[in-house]
Each structure stands twice: as C-alpha cells, then as structure tokens.
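First the structure, in the form of structure tokens, and then the observations on it.
Order of the sequence lines sets the chain letters (A, B, ...), proteins ahead of strands, with each chain counted from 1. Heavy-atom basis, side chains included; hydrogens, waters and symmetry copies ignored.
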2 protein chains.
Amino acid sequence: MHPDKLGQTIKNRREILAITQRDLAELSNMGLRTLKAIENGKSNPTLETMNKLMDVLGMELRIDVRTPKV
Amino acid sequence: MHPDKLGQTIKNRREILAITQRDLAELSNMGLRTLKAIENGKSNPTLETMNKLMDVLGMELRIDVRTPKV
DNA sequence: TCCAAAAGTGCATTATAGCGCTCCTTTCAT
DNA sequence: ATGAAAGGAGCGCTATAATGCACTTTTGGA
C-alpha cells in the first residue's frame, strides 16, 4: 500500500459516499490541507491519521500475510 | 488497526520468522528504537515505516470496506 | 544457577507530518 | 460563458515520529 494507492482508495470511497474533501476532513477531525495531500499521494500519513479516515469512510486497515501469486 | 494490535501482529510474525528485533530493524532499514516502540504499541508509525516492515515480514497492508457483523 | 543475548526504556536531537493561511486552478450547473 | 464550489499548492510554524546512546530488565540455554 503505497501513498498513491492509498490516496486513490480514499478518494474513490469519498466519491462513492458523495462528500467533499472539506466534509471528510471535518468529520475525520483533521486539517483539509492534510487530506488533500493524502488523496494526492503526496504525504506519508501516520497510523492515527489513516485510522481517522477509515472510521469515517466505513473502512478498515488490515494486515495480511502476503500470499504467493499462484 | 490500533497501535497495540499493530504491534502484536508484527511481533507475532517476527517470532514466527524467528528473527530478533535487531535483525528485523536492520533488514527493514529502520532504527531499533523505532521498532521496539512499534511492537510495544507505543508509537504512531507512518505509512512508510509500516511498509518497510510489511516488506521484510512478507505481509501487506490492505484497506477494506468494513462489512457489517452478521 | 547464572550469564549472555534479547528486549525494554529515559533522554536529547533531527527530520518531518499535520496544520492554517493564502492564493491559483479546475469543475460544472445555470 | 461564467461564477461559485471544489480541489490543488507554496510558505512557515508546531508537534511529534524516528533516531542513537546509555542503561536496566527479562529470558532461555548450558
């Protein structure tokens, strides 16, 4: 999960929920500037920041053992 | 995924692979101090730091839409 | 038992994530 | 076409993640 992919995932989900960056930032209790950077893959967010977004977006961060491509 | 759970997940995986904190820190190219803090749930790591660990541990960070408990 | 390796922690420093402010660009409904 | 809403970005400040060093505590094999 690299910054670019994280940003796209969050942006896609936000658009599905039909809310603006401003709304998501407020609901997530984070700065608008920070959310913009994350969505554009231009930040290296902390676990806490990612969790705030996951909560509001109805998503969850998971860690799996990487399974070999069959 | 809260800091405590993240730490336990990493520690468990490290022990399965039978390597020391020192080894994992070196292989992951991060400070030993940092790894210790993460394993003990006493840090709020960045995405980059988590990715370094995921790579060496053969794991991956995923984001899923939270499915309602049935 | 005991001791060496491994793990945990206090402290100080450095690097950078998060932030607000400001302004510019893009999008899209009228 | 155009204006308002939404999104993007430069700048500088503050809080804190990452780090190394020194030390203590825990653990497990001989």
Quick tally for nucleotides 6-11 of chain C: nucleotides whose base has a protein heavy atom under 4.0 Å get B, sugar-phosphate-only ones S, the rest -, giving SBBBBB

Given protein heavy atoms under 4.0 Å, the one-letter contact record of nucleotides 24-30 of chain D, with B base, S sugar-phosphate only and - none, is simply -------

Criterion side chain to side chain contact (heavy atoms under 4.5 Å, CB included) on B:I63 and A:M54, from CA distance to verdict:
CA-CA 8 Å; B:I63 295 181; A:M54 295 302 99; 3.7 Å; yes

Quick one: list whatever passes side-chain hydrogen bond (donor to acceptor under 3.5 Å, both in side chains) with [X], sequence neighbours left out.
X     : answer
A:N40 : none
B:N44 : A:T46, A:E48
B:S43 : none
A:K36 : A:Q21

Compare side-chain N and O positions of A:T46 against OP1 and OP2 of D:dA17 and report whether any pair is under 4.0 Å apart.
no

D:dA17, OP1 or OP2 - any side-chain N/O from B:T49 closer than 4.0 Å?
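It does not, given that no N or O in the side chain of B:T49 lies less than 4.0 Å from OP1 or OP2 of D:dA17.
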
Rounded to the Å, how far apart are [X] [atom1] and [N] [atom2]?
X     : N      : atom1 : atom2 : value
B:I38 : D:dT19 : CD1   : P     : 8 Å
B:E26 : D:dG20 : CD    : P     : 10 Å
A:I10 : D:dG8  : CD1   : P     : 13 Å
A:L32 : C:dA17 : CG    : P     : 18 Å
A:L24 : C:dG18 : CG    : P     : 14 Å
A:E48 : D:dA18 : CD    : P     : 12 Å
B:L6  : D:dA17 : CG    : C1'   : 14 Å
A:L35 : C:dG18 : CG    : P     : 11 Å

Please enumerate all protein N or O atoms sitting under 3.5 Å from an N or O of nucleotides 2-4 of chain D, with distances to 0.1 Å.
none

End axis versus end axis in the helix from C:dT1-D:dA30 to C:dT30-D:dA1, the angle rounded to 10°, five pairs used at each terminus
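Helix axis angle between the two ends: 60°.
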
Sequence-distant partners of A:R22, salt bridge (charged side-chain N to carboxylate O under 4.0 Å, His left out), two or more places apart:
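Residues passing salt bridge (charged side-chain N to carboxylate O under 4.0 Å, His left out) with A:R22: none at all.
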
Those residues that, when tested against A:D23, pass salt bridge (charged side-chain N to carboxylate O under 4.0 Å, His left out) (two or more places apart):
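Testing A:D23 for salt bridge (charged side-chain N to carboxylate O under 4.0 Å, His left out), a comparison that skips the adjacent residues, returns none.
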
Is there a continuous path of hydrophobic side-chain contacts, each under 4.5 Å between heavy atoms, that joins A:L6 to A:L32?
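As far as the 4.5 Å side-chain criterion goes, A:L32 and A:L6 are not connected within one cluster.
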
Flag yes if B:L61 and A:V65 sit in one hydrophobic cluster, no otherwise; membership is Ile, Leu, Val, Met, Phe, Trp, Tyr, and two members link when side-chain heavy atoms are under 4.5 Å apart.
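Same cluster: B:L61 reaches A:V65 through Ile, Leu, Val, Met, Phe, Trp or Tyr contacts under 4.5 Å.
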
Side chain to side chain donor-acceptor pair (under 3.5 Å): which pairs involve residues 3-15 of chain B, sequence neighbours left out?
B:R14-B:E39

Using a heavy-atom distance cut-off of less than 4.0 Å, which residues of residues 50-62 of chain B contact DNA chain D?
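Output list: empty, so none.
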
